[in-house]
Amino acid sequence: MMYYIKKILLFTLLLTLSATALNAQHAHKKKKKAATTKVAKKQTSAAKKGKGRVRRGTEAATRVGSPALPLEESKVMPVDVAPKRKEVVNLTEMTIIKDTTTVEDTLSTAKEVIITSSFKPSLRNASKINFTAATPVLDTTKLQLVYNIPSQNLFFSYQPVPIKPLALAADSAFTWEHHQYVKAGFGNNSSPYLEAGASFGDGKLKMITAHGKYQSAKGSLPLQDYNKAGIDLIGIFSTLKNHEITSKVYWDHNSVYRYGYKPDSLKINGDSLRNKFNTIGFSVGLQNKVPTAYGITYHPQLDFNTFFNTSASKELNVKLTVPVTKAFDRLFTLDLVPTIDVTHYSNKQFKDTVSVDNNLYSFNSSLRFITPNFKINVGLIPAWDNSSFALMPNFQLEGKILNNKVNVDAGWIGYIQKNTYKTLADVNPYIIPVHSLFNTKTTEEYVGLRGSINNHLTGKARLSFLKMDNVALFANDTTAGSNQNFLVLNEPSIQALRLRAEIVYSHQEKLSVLAGVTYTQFTKLTVNNKAYGLLPLEIYSTLHWKVLNDLTLKSDLCLFDGSYYRTQTMQSGKLNPAFDANLSAEFPVMKKLNAWVQFNNFLNNHYQRWDQYQVLGFQLLAGVVYSFR
């Protein structure tokens, strides 16, 4: 209540003061008006008499309480007026000049107040945001990037074979060139060497290669002669409907003598000891290069060959395989591989043996589940080995570990190796014509590793446990005068533990080194005492080194433990370990002419791979290669 009373009294006081000030101002204006009029009259009369002077200023003056005057009149001052003393009082936004000089007029007490004001418009200082320059905060977090790159490790089982042109599938980056060459040489042990190759076609619709080879040698032992020859013609033809036809026609010849008879003083007719094997055959296949609209790919293959010996032993082989693959999506694939393998063997040398049929039918069916880091294959293989039925497993697992650098695989698989007169003679050329044929059934349980150690080093290893039925062994004939002949024995059952390891070092295309080992321990034989003719240990190595742009070195090393053999007294013996080393070099001598030299068994070890058959020993070959390109 007291608050409102104070407000009312204060308001009343302000109204009273305002009214009093207005009345006083009104009275002062009247007095000042009369005084100003008299002063103006005197100034006018003085100007007319020439006694006055004009002072011009830059400031506009206005008398407080007097009417507005013209510019000229407002700046006229009397000459006889004494200088004025002014007091300047600074007020906010204006300057008040007080005239304290007494004017010689009737109003001696009058005063002039000149107010001068200069307006300077300005903006108020705005508050600004201060930006402080500073370095960004250091980010120590690491962005985790995961890339899924499929393993592209390549593993090759290199063997010391000569270079020859091969037909390759057409590729957009592949340029087909016609190339022809001839390689010829000669060496000690009366060993001529001749090889030729040529390629034809346009590289798109047809590619054809032809190759031929002949080599022979004669050792220091009686009948230690051999010669090999072969011709093959390979063709690949592409159709306009995304199909590809592959074909091959070949002839192989291998002639050796069974010179390992004892004692050496025996006089035996050479023709009766000669094995002259010949093979004539062809193969043709068809495959679709692009899957059908239902995701099906197929590659039927037909192989035919006839194999015969001078001893009137003949064999006819026909094999038909029809692999079909159906892809359901990116993860599941169904594989179906029906196989028909028919063999007819006849031998007119033995009166009690007329002919033998060895037929094998199988149907491999498996389902594959494939992801970038894991693969699984589940399947069964029903097979009919002549009149015997067998159901074999086909289970395989594969996964990636250690940042996809190592692949781990494991499996339980079964397969049947068909033994024909041709395949047995390829292993041991000193066998005599067989009386019967049988196939080897194998069940293998394995676990393995393979992967890249660094950018140049790759390796793989596998440990397997095998159960083999009807294994072919090679033992000397115990008949008097026939111990140089090898017989094929049937071992009903063998168990084996096998370890295989291989490591490859490569540096661009200049250096490539491969080293491997295979160890097999044969146990639980049921009929024979030992695994005759089978090697328990093999250590091998190959080297391909491009020393200079025009010099290339190749080397092959082989170390193996001796196999078991059967003596005349039906006892078991063991051959000594053997070491074989080969070295070759090739370099250009002219624009299209290269020279080559090869040293076989340069340590001159007279070892025996088969009992009673000593190898040639040191052999030197040298020659030239002429290229028509």
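- Under 3.5 Å, the side chains of Asp556 and Thr542 contain no donor-acceptor pair of N or O atoms.
- Under the 6.0 Å cut-off for aromatic ring centres, Phe369 and Phe332 qualify, their centroids lying closer than that.
- For the residue pair His344 / Asp357, a side-chain donor-acceptor distance below 3.5 Å is found, with atom types taken as modelled.
- A salt bridge links Arg450 with Glu398: the closest approach of a Lys/Arg side-chain nitrogen to an acidic carboxylate oxygen falls below 4.0 angstrom.
- Between Tyr298 and His243, the ring planes lie tilted relative to each other; the angle falls in the 30° to 60° range.
- Within a 6.0 Å sphere centred on CG of Asn403, other residues, nucleotides and ligands contribute 12 heavy atoms or fewer.
- Thr279 and Lys422 share no side-chain donor-acceptor pair at under 3.5 Å.
- Ring geometry for Tyr421 against Phe307 counts as perpendicular: the plane angle is over 60°, on a 0 to 90° scale with 30° as the lower cut.
- With respect to Asp335 and Arg368, a salt bridge is recorded, a charged nitrogen being found less than 4.0 Å from a carboxylate O.
- Using modelled atom types, one side-chain atom of Gln224 and one backbone atom of Gln614 make a donor-acceptor pair closer than 3.5 Å.
- When atom types are taken as modelled, the side chain of Ser388 and the backbone of Asp385 share no donor-acceptor pair closer than 3.5 angstrom.
- With respect to the salt-bridge test (charged N to carboxylate O, under 4.0 angstrom), the residues Lys574 and Asp561 qualify.
- A distance of 6.0 Å or more separates the ring centres of Tyr226 and Tyr259.
- Here the side chains of Phe474 and Val488 are in contact, with some heavy-atom distance below 4.5 Å.
- Judged by distance alone, the side chains of Thr339 and Asn364 never bring a donor and an acceptor atom under 3.5 Å apart.
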